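Worksheet: one structure, shown below.
Worth saying up front: this structure is predicted, and the values here are computed from it rather than measured. Remember, it's 1-based here, ligands and their atoms both numbered in the order they're listed.
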Amino acid sequence: MGALRRRFRKSNMLNKKTVDDLKNLRGRRVLVRCDFNVPLKDGVITDDTRITAALPTIEKLIGEGAKVILCSHLGKVKEGPNEKESLAPVAKALTEKLGKPVNFVADYNVTGEAATAAVAAMADGDVVLLQNTRFRGSEETKNGEAFSRELADLADDYVCDAFGSAHRAHASVVGVTKFITEKGGNNAVGYLMQKEIEYLGNAVEDPVRPFVAILGGAKVSSKISVINNLLDKVDTLIIGGGMAYTFFKAQGKEIGTSLVEDDFLEYAREMIEKAKEKGVNFLLPVDTVVAKEFNNDAPSRVVEGSMEKDEMGLDIGPKTRVLFAEAVKDARTVVWNGPMGVFEFPNFAAGTIAVAEALANTEATTIIGGGDSAAAVNSLGFGDKMSHISTGGGASLEFLEGKELPGVAAADEKE
Ligand code: AMP
């Protein structure tokens, strides 16, 4: 790992200002966009990974004597501002983790009088948390100028550390940077962003080979560009999960009532063809665990080849588990996004567990895309065995598609 990290650093892919480029921070007001979009149940945070991941940047800024103003969205806020989607539980968790009080501005306006007064009262090294940025509705999600300016008015410099939101051109991610620049401030990326970009960016652009990508999950359509982009980069591409059946059908196999996207059969054929042209080792399941109902307790059997008309594939079979595990054994870089089956049903989780185990046992740098695969790896207890688990589902997918994230693009270039 050590050698690899050094290699990453040297390649210096990220030519953006980082927190370390911000100097003389004592007394400067720094607005930090975090990703505190944590899962909540009855007001209790059920997974605080994202809060923990934000701490290095916050602690660094506190240590430098900056006035640290934090902001984030939480949930989708479909029905307007409400207490259930308030950031109050995050303020409490942060206070505990930082070991110092975090002054939470509960005002649904996010910016405005209450926020301005709270910032004016800050001493060096203090921390203020603003309310959920999505409480400003489309002003936030449509990158509104007024809200962007109000956010910038609260601060001197801006740091984006919200990897999970970096694929969205929202006011608190992108719009704010224009007004920070106008007043002569800096727009930098935080340590979490740096780490995500280092791992995902280097895996895709400059991987240590053999480079294996494993894609699963429900739909081909949501990962079209990922498959297409990765076929230009990988040595081996493995497809499992519900999306494999569209490939099966494209090859003329009977897939019964399995998940399928008929609009993507031609695309699936093209991808199989492209893999051949590029000399990519393209692996599909060789056996499947099928059942007649979408139900954990449905009786199941393993089939090789075609299923019966009333059967659906719910997991990869035992031979496939071995085949996929073999394929990652000698890999040096592995990226995984999407479960191999309906892992939420314990009786159909074996394929996903087998892949997680294989990744835990390889010497390769292992990178887990966010979302379901991160949840699967963590809930199965393999979290600490992976080199990197991304905090951003959508953002990590866009990275694997080869797109530049708006939140990264908006940061200043290094001088
Ligand atoms: P995605 O968000 O596209 O990564 O999809 C994740 C979801 O795909 C999980 O909820 C899995 O239960 C589901 N999934 C994976 N394999 C299958 C399958 N064979 N049939 C139905 N759903 C599946």
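Among all non-hydrogen protein atoms, the one lying nearest atom 23 (C) of ligand 1 is Val342 CG2, 3.6 Å. Atom 17 (C) of ligand 1 has its closest protein heavy atom at Gly242 N, 3.4 Å. The protein non-hydrogen atom at the shortest distance from atom 5 (O) of ligand 1 is Ala218 N, 3.0 Å. At the top of the distance list for atom 14 (N) of ligand 1, counting protein heavy atoms only, stands Gly341 O, 3.9 Å.
For the residue pair His170 / Arg136, no side-chain donor-acceptor distance below 3.5 Å is found, with atom types taken as modelled. No side-chain donor-acceptor contact under 3.5 Å links Arg50 and Thr391. A donor atom on one side chain and an acceptor atom on the other are not found under 3.5 Å apart for Glu311 and Thr257. Using a 3.5 Å distance cut-off with no hydrogens or angles, the side chains of Asn228 and Lys274 do pair a donor with an acceptor.
With ligand atoms numbered from 1 in the order given, ligand 1 contributes 19 (N) to contacts under 4.0 Å with heavy atoms of Tyr245. Interface of Gly241 with ligand 1, defined as ligand atoms under 4.0 Å from a residue heavy atom, comprises 16 (N). Counting atoms of ligand 1 from 1 in the listed order, those under 4.0 Å from a heavy atom of Leu259 are 20 (N), 21 (C), 22 (N). Annotation for ligand 1: atoms under 4.0 Å from non-hydrogen atoms of Gly313 are 18 (C), 19 (N), 20 (N). Per-residue contacts place Gly217 under 4.0 angstrom from the following atoms of ligand 1 (heavy atoms of the residue considered): 1 (P), 3 (O), 4 (O), 5 (O), 6 (C), 8 (O).
Closest heavy-atom approach to atom 4 (O) of ligand 1 among the candidates Glu344, Met312, Lys223, Met340: Lys223. Closest heavy-atom approach to atom 2 (O) of ligand 1 among the candidates Asp372, Leu397, Ile316: Asp372.
Residue contacts with ligand 1 do not include Phe348, since none of its heavy atoms lies under 4.0 Å from the ligand.
The stretch residues 231-267 participates, sequence neighbours left out, in these ring pair (Phe, Tyr, Trp, His ring centres under 6.0 Å) pairs: Tyr245-Phe248, Phe247-Phe282.
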### Message
Walk me through whether Thr133 and Glu140 qualify under side-chain hydrogen bond (donor to acceptor under 3.5 Å, both in side chains).
### Response
CA-CA 6 Å; Thr133 52; Glu140 162 73 335; 3.0 Å; yes
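Partners of Asn229 under the side-chain hydrogen bond (donor to acceptor under 3.5 Å, both in side chains) rule, at least two apart in sequence or in another chain, do not exist in this structure.
Taking the six-membered ring for Trp and thresholds of 30 and 60 degrees, Phe399 and Phe163 have ring planes inclined between 30 and 60 degrees apart.
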